[in-house]
Amino acid sequence: MKKFFLASMAMLSVIAFSACSSKDSIAGRAAGQYTVERNTSVVGMPTVIEPDIVKLKVKAEADYFVKITIPSTNYNLGGTVKNIPEFDIHAVPVIDNNENGAYIPNYSFKIEGTKNIVGTIIGDIEEDGDVDLTVQYTYGDMPLTIKQEFESID
């Protein structure tokens, strides 16, 4: 019984500590807060939305997974100002981009809440902090897709 208990504790510690991400992991290399220019458009609409400068937050959740916080968005649609609050995309997979950075393959996500958010994210974060991400999503019962491109500012 004692051996079983010790083996169980050892297994539990491996599981618990493997869920944490090291700074040297791919997710650890991607983690940070980035000042980026955001270009927002409503797919299929000629709506002009001025680019804005925002902070994009990336947090390591495990060695190969990050949480990306998408900043809130305001846009004018037919004279009515619309707001999409900040939201987190959890468990976004990252892989090595062979340049000591992180690549996010085309990842589909669904966030359930008061208003569901369904979309995709793709892009990469370079070793020098250069960010290039594209997020497309629908918010709540919106019939149109929001597209946001995040790029590092010079």
> Can you find a heavy atom in the side chain of V42 that is under 4.5 Å from one in the side chain of I146?
Replying inline: yes

>> With side chain to side chain contact (heavy atoms under 4.5 Å, CB included) as the criterion, how do I84 and Y137 come out once you've worked through the C-alpha distance, each side chain's angles and the decisive distance to 0.1 Å?
In response: CA-CA 11 Å; I84 298 172; Y137 60 91; 3.9 Å; yes

>> Any side-chain to backbone donor/acceptor pair from E61 onto A91? Under 3.5 Å, distance only.
In response: yes

>> Within the structure provided, determine whether L133 and I104 are in side-chain contact (heavy-atom separation under 4.5 Å).
In response: yes

> Given R29, which of D128, D96, D24 fulfils the salt bridge (charged side-chain N to carboxylate O under 4.0 Å, His left out) condition?
Replying inline: D96

> How about Q148 and T40: does a side-chain donor come under 3.5 Å of a side-chain acceptor?
Replying inline: yes

> Considering only heavy atoms from C-beta outward, does the side chain of Y139 approach that of N83 to under 4.5 Å?
Replying inline: no

> Say you draw a straight line from CG of D52 to CD1 of I49; how long is it, rounded to the nearest 0.5 Å?
Replying inline: 9.5 Å

> Given side chains that start at C-beta, do those of I111 and I89 come closer than 4.5 Å, heavy atoms only?
Replying inline: yes

> Stepwise, does the side chain to side chain contact (heavy atoms under 4.5 Å, CB included) test hold for V66 with V94?
Replying inline: CA-CA 7 Å; V66 296; V94 289; 3.9 Å; yes

> To the nearest 0.5 Å, how far apart are OG in S72 and CD1 in I70?
Replying inline: 11.0 Å

>> Nearest 0.5 angstrom please: E149 CD to I122 CD1, how far?
In response: 11.5 Å

> Roughly how far, to the nearest 0.5 Å, is the CG atom of L56 from the CD atom of E37?
Replying inline: 13.0 Å

>> Please tell me whether V92 and Y103 are part of a single hydrophobic cluster in this structure, the criterion being side-chain heavy atoms less than 4.5 Å apart.
In response: no

>> Are Y107 and F87 connected into the same hydrophobic cluster when the rule is that any two of I, L, V, M, F, W, Y join if their side-chain heavy atoms are below 4.5 Å apart?
In response: yes

> Does a side-chain N-to-carboxylate-O contact under 4.0 Å join E112 and K110?
Replying inline: yes

> Is any side-chain heavy atom of D88 less than 4.5 Å from a side-chain heavy atom of I68?
Replying inline: no

> So do the side chains of I26 and D63 get within less than 4.5 Å of each other, counting heavy atoms only?
Replying inline: no

> Checking side chain to side chain contact (heavy atoms under 4.5 Å, CB included) for the pair E86/T69: CA distance, chi angles, key distance, verdict?
Replying inline: CA-CA 7 Å; E86 173 181 286; T69 301; 3.4 Å; yes

> Tell me, do Y34 and I125 make a side-chain contact under 4.5 Å, heavy atoms counted?
Replying inline: yes

> Which is it for T35 and I53 under the side chain to side chain contact (heavy atoms under 4.5 Å, CB included) test, yes or no, and what are the steps along the way?
Replying inline: CA-CA 7 Å; T35 302; I53 306 299; 3.6 Å; yes

> I117 and V43: same hydrophobic cluster, using ILVMFWY side-chain contacts below 4.5 Å?
Replying inline: no

> How far does OG of S41 sit from CD of Q136, to the nearest 0.5 angstrom?
Replying inline: 7.5 Å

> Heavy atoms, side chains only, cut-off 4.5 Å: are F150 and N39 in contact?
Replying inline: no

> To the nearest 0.5 Å, what is the distance between NE2 (H90) and NZ (K59)?
Replying inline: 9.0 Å

